[in-house]
2 protein chains.
Amino acid sequence: MIDKYSPIPIYHQLEEYIRGQIENGTYPFDTTIPSERELAERFEISRMTVRQAINNLVNDGYLYREKGRGTFVNRRKVEQKLQAVTSFTEDMIERGLTPKNKLLTFHIIPANGKVASILNLQEHTPVYEIKRIRIADDSPIAIETTYLPANLIKGLSEEILNRSLYNYIENDLSLKISEATQEIEAASAKQQDTAHLQIEKGAPVLVISQTSILDDGTPFEYVKSIYRADRYKFVHKMKR
Amino acid sequence: MIDKYSPIPIYHQLEEYIRGQIENGTYPFDTTIPSERELAERFEISRMTVRQAINNLVNDGYLYREKGRGTFVNRRKVEQKLQAVTSFTEDMIERGLTPKNKLLTFHIIPANGKVASILNLQEHTPVYEIKRIRIADDSPIAIETTYLPANLIKGLSEEILNRSLYNYIENDLSLKISEATQEIEAASAKQQDTAHLQIEKGAPVLVISQTSILDDGTPFEYVKSIYRADRYKFVHKMKR
DNA sequence: CAGTGGTCTAGACCACCAG
DNA sequence: TGGTGGTCTAGACCACTGA
């Protein structure tokens, strides 16, 4: 089980062993695993080495310790998925909904002052402007306007949008998406949005403005999305 | 600097010392701190104890190690903070605003079904219910209702709330805050909230529901906050 | 009381990096 | 080659838990 002469560190082998025992049910949730001293004796290794393995598993959320009682298997899901940059489509699939889109407009326009400033461009630089209705389970959920610098995101087509914009940027254009900043605020639906979202004027909407950047810091995307408050809420996990 | 006979663990004292040196600029960004052996010798402690301190600082993002070269000060702490669990007070200070609170109610009540379910308690288990007006730069920004299990977060007082609840939980109760999940949605102001927030009925508000858990997975806090949409937006950074 | 995790020691050998 | 972090040992005493 543990090979003291392997180039793989002993604590790492022990980690894998314990994780395996958790996953195959030998150590059920909320029960103790063998004590540090027992593991040390069983594998003829030092207790400090056992502690190093257990420390890592505690940090990864697999185990938790209680003074004087023992080390327990954590019942909590280990997924620990922090918020990652995802597209609407990826987001909806994760929520178990079927996403669809309805393209309203798709053309190149000169950037106005606000868009130019956000995308770090000169005013009037050509940008794609794409307006879409986002649909989940056959009912409208958001109206979304995307701006992309036309000189950076070249060769965009409606077909690419329907597949995956992010895949196109990363795979075909070989650009590296690094991170995105979102501003989330509440507002009341304006007259021009009521028809597309099938809501009354003044109904609450969630407005999410996202700016995405490449790994060299270049902004490549600005998206403003207006979500129906009754059909969408934003969920977010944070660590202390 | 280091008191070997203090009840505070040596590694923890060393952590604070190194963090202090980073913050006051003695160890600038991207430069090495003294080697593990040098720190051990200087403070007449074991190298393993030094490693424990440095391990914790590496996990917290203050330092990073490079094999054969040394341990370096990490330059970016701000980004990591954007995804971290913070209190209203911490949040406002970061935004450059002066936070204040007005306590509306503070008592222990039996948990109703919803609160009990969220906090993983039996119905009617005693919980603190704390209602506060959150004020930034002398004008109301949110109304916040907090629920805490009375049997877990013991000895709460108004004075503690005005200092820092999270400090109290972490330092005085020795509990480890692990993570929090937020649900963010838009709504229209209800009649009962208009007076406290000084807005019209039906005005847009941002509703943030936060559930926080300890490192063993126990939920210890449920907070529902209703923010004035015209004075608050939620900002959030994500990585791909 | 015996057993547990928490802290700590004073060494050791290794791979890696820089000069 | 000398210094660094990475790994590991074989002990030790402590506070805490539960029977």
Residues which pass ring pair (Phe, Tyr, Trp, His ring centres under 6.0 Å) with B:Tyr147, listed by chain and number, not counting sequence neighbours: none

Atom-pair distance (CG on B:Leu39; C1' on D:dG3), nearest Å: 14 Å

For B:Glu66, salt bridge (charged side-chain N to carboxylate O under 4.0 Å, His left out) partners two or more places apart: B:Arg69

Which donor-acceptor pairs under 3.5 Å do the side chains of residues 22-32 of chain A make with protein atoms, sequence neighbours left out?
from, atom 1, to, atom 2, distance (Å)
A:Asn24, OD1, A:Thr26, N, 3.0
A:Asn24, OD1, A:Thr26, OG1, 2.4
A:Asp30, OD1, A:Tyr64, OH, 2.8
A:Asp30, OD2, A:Arg75, NE, 3.2
A:Thr31, OG1, A:Pro28, O, 2.7

Identify all pairs in which a protein N or O lies below 3.5 Å from an N or O of nucleotides 1-10 of chain C, and state each distance.
from, atom 1, to, atom 2, distance (Å)
C:dG3, N2, A:Gly68, O, 3.1
C:dT4, OP1, A:Ser35, OG, 3.4
C:dG5, OP1, A:Thr71, N, 3.3
C:dG5, OP1, A:Thr71, OG1, 3.1
C:dG5, OP2, A:Glu36, N, 2.9
C:dG5, N7, A:Arg37, NH1, 2.9
C:dG5, N7, A:Arg47, NH2, 3.4
C:dG5, O6, A:Arg37, NH2, 2.9
C:dG6, OP2, A:Arg51, NH1, 3.0
C:dG6, OP2, A:Arg51, NH2, 3.3
C:dG6, OP2, A:Arg65, NE, 3.0
C:dG6, N7, A:Arg47, NH2, 2.8
C:dG6, O6, A:Arg47, NH1, 3.1
C:dT7, OP1, B:Tyr11, OH, 2.4
C:dT7, OP2, B:Tyr11, OH, 3.2
C:dC8, OP1, B:Ile10, N, 2.5
C:dC8, OP2, B:Ile10, N, 3.3
C:dC8, OP2, B:Tyr11, N, 3.3
C:dT9, OP2, B:Ser46, N, 2.8
C:dT9, OP2, B:Thr49, OG1, 2.7
C:dA10, N7, B:Ser46, OG, 3.3

Lys NZ or Arg CZ of B:Arg65 over B:Phe72 ring: under 6.0 Å, within 45°: no

Basic-acidic side-chain contact under 4.0 Å: A:Arg37, A:Glu41: no

Plane angle bin for B:Tyr166 and B:Phe220 - parallel if under 30°, tilted between 30 and 60°, otherwise perpendicular: perpendicular

Contacts of B:Asp3 that satisfy salt bridge (charged side-chain N to carboxylate O under 4.0 Å, His left out) - sequence neighbours left out: none

Aromatic ring proximity B:Tyr128/B:His107, centre distance under 6.0 Å: no

Terminal helix-axis angle for the helix from C:dC1-D:dG18 to C:dA18-D:dT1, with five pairs defining each axis and rounding to 10 degrees: 10°

